2 protein chains.
Amino acid sequence: MSMPGRRADAVRNRQLALEAATALLAEPDAALTVEAIAKKAGLGVGTVVRAFGGKDALLDTAVAHLLEPVVRRGRDLLQQYGSEQALRAFLTELIAFQAAHHPISDQLRGLTTPATTALRADLVQVVAEMLTGARQDGVIRTDIDLATTTALISHLAFAIARAQPGNPQLADAFITVVMDGLRPS
Amino acid sequence: MSMPGRRADAVRNRQLALEAATALLAEPDAALTVEAIAKKAGLGVGTVVRAFGGKDALLDTAVAHLLEPVVRRGRDLLQQYGSEQALRAFLTELIAFQAAHHPISDQLRGLTTPATTALRADLVQVVAEMLTGARQDGVIRTDIDLATTTALISHLAFAIARAQPGNPQLADAFITVVMDGLRPS
DNA sequence: ACTTATATGGAAGGCGCATTCCAGATGTCA
DNA sequence: TGACATCTGGAATGCGCCTTCCATATAAGT
């Protein structure tokens, strides 16, 4: 991991900056400016920016760190439970995650940085796999095509998370309604 | 309409600024800066700002102008059709409207200007009335309380509109899924 | 310990935007 | 038409932010 000619303090500071950014991403109403990140990390702004080559790259890395376990968790669920149950559980966790990292969605809309884009695609992929399995099990309607259903799920999960961050009652209701609506008639 | 001491050109320019802002609100990817509005209206920036007392006030008025007919339309639907049918039709129109004025949602999140806030409340009120009627008709489940259901509908409509602006197939699928999910079991 | 390549803090620079200001223009009223 | 209150354009100002820069500090190698 440590590159040649790369000083130890630089590596450590990069890590500190990353942790500070990640922490701020979980704070609602946080400013999320380079200066705020630097202060939280106990570094100068120059150091923070230099470690990643720009604010966007830093945020990209931070978001990737946050998103990666979510995607992995989705894969685990899929392997461990049946498709329908996995989907339901994953939705619950996705919503909770987004609610806990509320700033992510706002801040990064339209950020087409590489890692974030890739992970977003992975997320959609996982949801699509769950839906495919559930369709084969006959518990999800097939009169709406897979891509549309996947898009629906993804966007609705996003919406509900931002609607009332941290209101589990609303999240439950959302999941119930959508899952019921997705069953075959 | 013309106030005393208010010069005719000032009134006309105010109208021009309002129209320019409204037009920009319907243009996806429009800059929506005061300068852009001024240029589109053929006015100087000072004139535009002065006419409303600030950018936010201008946008507030523009959004109110746009939203008012939507709310009225909802009331008409409610009076003309049964609750369920009105709800379905209104959702379709709401989504189309939001898709056509895509910048509104992004630009005005958190804008707590008076007119916009009031109209948003009216919108929710109309949806709540439709749902109340539909519940009484026995076509909407009552195991989820009214407020939650209303919030659900509002946020979901918002989500789908932003998901794929102008993709009627997705919008239809969304409405079908949610309406099916809202039926009593 | 000394040298040198590398890193640091934070001031200065640059940019995009809303707002303010004012010299000049233009509607209004007698 | 003349006098004057009102309005106008757009340059100047202010503000928040990201990025760049460089004099100083510090790790690494010998």
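Quick note on labels: first sequence line is chain A, next is B, and so on, each numbered from 1. Not measured: the values here are computed from a predicted model.
Between A:R141 and B:D180 the shortest heavy-atom distance is NH1-OD2, 2.8 Å. For the pair A:V178 and B:V177, the tightest heavy-atom approach, listed with the atom from each and the gap, is O-CG1, 4.0 Å.
What separates CG of B:D56 from P of C:dA18 is a distance of 9 Å, to the nearest Å. For the pair A:L16 CG and C:dG9 P, the computed distance is 10 Å after rounding to whole Å. In this structure, the CG atom of A:D9 is 8 Å from the C1' atom of C:dT6, given to the nearest Å. Counting to the nearest Å, the P atom of D:dC18 and the CG atom of A:L32 are 8 Å from each other. The distance between atom CD of A:E35 and atom P of D:dT19, rounded to the nearest whole Å, is 13 Å. What separates CZ of B:R7 from P of D:dT6 is a distance of 10 Å, to the nearest Å. Taking atom CG of B:L58 as the reference point, atom P of C:dA18 lies 11 Å away to the nearest angstrom. Atom CG in A:L43 sits about 11 Å away from atom C1' in C:dA7, given to the nearest Å.
Results of the side chain to side chain donor-acceptor pair (under 3.5 Å) test with A:T113 over A:D56, A:D60, A:T61 single out A:D60 as the only residue that passes.
Within a 6.0 Å sphere centred on OH of A:Y81, other residues, nucleotides and ligands contribute 12 heavy atoms or fewer.
The 5' end of DNA chain C is approached more closely, in terms of each residue's nearest nucleotide, by B:T33 than by the other of B:T33 and B:R12.
B:N13 has no side-chain polar atom (N or O) that falls below the 4.0 Å cut-off from OP1 or OP2 of D:dC7. In this model, the phosphate group of D:dT8 is approached by a side-chain N or O of B:R50 to a distance below 4.0 Å at OP1 or OP2. At least one side-chain nitrogen or oxygen of A:T47 sits closer than 4.0 Å to the OP1 or OP2 atom of C:dG9.
Taking B:A23 as the reference, B:K40 meet the side chain to side chain contact (heavy atoms under 4.5 Å, CB included) condition, with sequence neighbours excluded.
Proximity note for B:V45 (side chain, C-beta onward) versus C:dA7, C:dT20, C:dA11: the nearest is C:dT20. The side chain of B:A8 lies closest to C:dT28 when the candidates are D:dC7, D:dC18, C:dT28.
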